[in-house]
Number of protein chains: 2
Amino acid sequence: MASGAELTPRAREIVTAARELLEEEGPEALSMRRLGERLGIRAPSIYKHLPGKDALEAAVISDGFDELAATLDGTTLEELAHGYRAFARAHPHLYRLMTAGRLDRELLVPGAEDRAAFPAIQAAGGDRDAARALWAFAHGMTILELDGRFPPGADLDAAWSRGLQAFAGV
Amino acid sequence: MASGAELTPRAREIVTAARELLEEEGPEALSMRRLGERLGIRAPSIYKHLPGKDALEAAVISDGFDELAATLDGTTLEELAHGYRAFARAHPHLYRLMTAGRLDRELLVPGAEDRAAFPAIQAAGGDRDAARALWAFAHGMTILELDGRFPPGADLDAAWSRGLQAFAGV
DNA sequence: GTCTATACCCGGATAGAC
DNA sequence: GTCTATCCGGGTATAGAC
């Protein structure tokens, strides 16, 4: 029973503070000590409410998936892509935490990941394989942009258009 | 002058050992202490040969880019994609280090990144925007696979095919 | 020049007192 | 529920032995 489904009110406060800290100052700032500081308690006290940092991050990630799912209500491929990219640019540290690196699904709120994936499947007309390819393209564009991996001066709008144009034809 | 272009022979040995350690045991194992252990010296001694861990990683990354560039000699889109995916699966920890997270280009061997990008531009017929979209798709598929982000049982060969099919038409 | 020992500050986490 | 004290492991700067 590793699920982070039911959080006590106090745990929710801690998760909220963690997300704020992450978004404001980045992943290095999200330490148990800094978080305790923000909450006015000592780091070890956090462990009375949440089992550890992994669970804390998983709760933040679950919230992020739900929020992303709520954002992606566009119907066309362009709207969907725009919403996805806009979410990532508005919450870069959160997006990175949500999507980069291994993920212990046991710790997530059940269903949160699926809900975030659903719009892409819809946009691909129910074709799971096409939806995964589309997601890979969108995530690739997004994370490479956030990580500054494209050459300086690259026209990312044009690259997005090229890709979406390709997927529109499938 | 932060470039990692010229390495002394001893520094090369250290970088090689770092890469082996990374590939064998993953990123958490790549600590200065563990690396020193492997080399039979103490961690602080490494700093006489390389300025720090960032420079060490950058040297490993530069080697990785050169090796990837040498691997990607296919001409067709399918060959290129297959080579890219095969490299990542053969060297998952190295691929992750090379492509995930922020990258301080100052520390890289000049040109290594460009040489790895060249085959994609060629495959896209010189269209930079199309090449970036293609790279985003390939990286997205690759990193999501390595990170176990696709649902269990997802047919990744089919997703790759779908995507390549889309890009073939542009 | 090369390596060692030592030390500092950061991180996650635990035990036990109040 | 919160505290203090403590452990272990990181990166890394400094000082000094050979």
Side-chain angles (χ1 to χ4, degrees), chain A residues 1-2 4 6-61 93 96-97 100-104 106-108, chain B residues 1-2 4 6-61 93 96-97 100-104 106-108:
Chain A
M1 195 166 49
E6 330 86 19
L7 292 180
T8 65
R10 185 60 172 145
R12 276 242 60 86
E13 288 176 23
I14 295 172
V15 171
T16 300
R19 170 164 174 182
E20 290 168 1
L21 189 55
L22 171 70
E23 296 218 41
E24 289 168 16
E25 303 189 41
E28 324 83 38
L30 185 51
S31 73
M32 300 304 262
R33 283 172 172 83
R34 292 273 279 111
L35 180 57
E37 216 173 279
R38 193 184 179 101
L39 290 161
I41 59 177
R42 303 286 157 198
S45 304
I46 299 171
Y47 290 82
K48 300 293 179 174
H49 305 281
L50 290 158
K53 204 191 179 190
D54 284 353
L56 173 69
E57 289 184 350
V60 172
I61 291 171
H93 297 304
R96 233 185 291 252
L97 184 66
R102 296 213 143 272
L103 177 62
D104 190 350
E106 303 275 310
L107 297 173
L108 290 185
Chain B
M1 195 163 54
E6 329 86 19
L7 291 181
T8 64
R10 184 62 172 143
R12 276 242 59 88
E13 288 176 23
I14 295 172
V15 170
T16 300
R19 170 163 174 182
E20 289 168 1
L21 188 56
L22 171 70
E23 296 216 43
E24 289 168 17
E25 302 188 43
E28 325 81 40
L30 185 51
S31 74
M32 300 304 263
R33 283 173 172 84
R34 292 275 279 108
L35 180 57
E37 215 173 281
R38 192 183 179 102
L39 289 160
I41 61 177
R42 303 290 156 197
S45 303
I46 300 172
Y47 291 83
K48 302 293 178 175
H49 305 280
L50 290 158
K53 203 190 179 191
D54 284 353
L56 174 69
E57 289 185 349
V60 173
I61 291 172
H93 297 305
R96 232 187 291 252
L97 183 67
R102 297 213 142 271
L103 176 62
D104 191 350
E106 302 276 311
L107 297 174
L108 290 185

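Every chain is numbered from 1, with letters handed out A, B, ... down the list of sequences.
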- Residue pair A:L7 / A:L50, side-chain heavy-atom distance below 4.5 Å: yes
- Rounded to the nearest angstrom, tell me the gap between atom CG in A:L50 and atom P in C:dG12. 13 Å
- Message: Quick check: any donor-acceptor pair below 3.5 Å linking the side-chain of A:R33 to the base of C:dG12?
- Response: yes
- Message: With a cut-off of less than 4.0 Å, is there a side-chain N or O of B:R10 near OP1 or OP2 of C:dC3?
- Response: yes
- Note on the structure: Rounded to whole Å, the CZ-C1' distance (B:R42 to C:dT6) equals 13 Å
- Task: Could you check which of C:dG12, D:dC3, D:dG11 has an atom nearest any side-chain atom of A:K53?
- Result: C:dG12
- Task: Figure out the CD1/C1' separation between A:I46 and C:dA13, and round it to whole Å.
- Result: 12 Å
- Query: When you measure from the side chain of B:R34, which nucleotide among D:dT2, D:dG10, C:dT4 comes out closest?
  - Reply: D:dG10
- Item | Option among B:R19, B:R34, B:R38 that satisfies the salt bridge (charged side-chain N to carboxylate O under 4.0 Å, His left out) test with B:E24 | B:R38
- Query: Choosing from C:dG11, C:dT14, D:dA13, which nucleotide comes nearest the side chain of B:Y47?
  - Reply: D:dA13
- Task: Measure from the side-chain N and O atoms of B:S45 to the backbone N and O of B:I41, and report whether any donor-acceptor pair falls under 3.5 Å.
- Result: no
- Query: Base, sugar-phosphate, or nothing for A:S31, non-hydrogen atoms under 4.0 angstrom?
  - Reply: sugar-phosphate
- Check the distance between D:dG9's P and B:L35's CG and give it to me in whole angstrom. 17 Å
- Give a yes/no answer on whether the side chain of B:H49 brings an N or O atom under 4.0 Å of OP1 or OP2 in C:dG1. no
- Item | Pair A:L107-A:I61, side-chain contact (heavy atoms from CB on, under 4.5 Å): steps then yes or no | CA-CA 10 Å; A:L107 297 173; A:I61 291 171; over 6 Å; no
- When the distance from CE of A:M32 to C1' of D:dC3 is rounded to whole Å, what number comes out? 16 Å
- Nearest nucleotide by nearest heavy atom, which residue falls closer to the 5' end of DNA chain C, A:E28 or A:P44? A:E28
- Please examine the side chains of A:L35 and A:L56, heavy atoms only from C-beta on, and report whether any two atoms are closer than 4.5 Å. yes
- Message: Rounding to an integer number of Å, can you tell me how far A:L56 CG sits from C:dA13 C1'?
- Response: 14 Å
- What is the nucleic acid contact for A:L30, judged by heavy atoms within less than 4.0 Å: base, sugar-phosphate only, or nothing? sugar-phosphate
- Message: Rounded to whole Å, please give me the gap between CD1 in B:I14 and C1' in C:dC3.
- Response: 12 Å
- Do any side-chain nitrogens or oxygens of A:S45 fall under 4.0 Å of OP1 or OP2 in D:dG1? no
- Message: If I take atom NZ in residue B:K48 and atom P in nucleotide D:dA13, what distance separates them, rounded to the nearest angstrom?
- Response: 11 Å
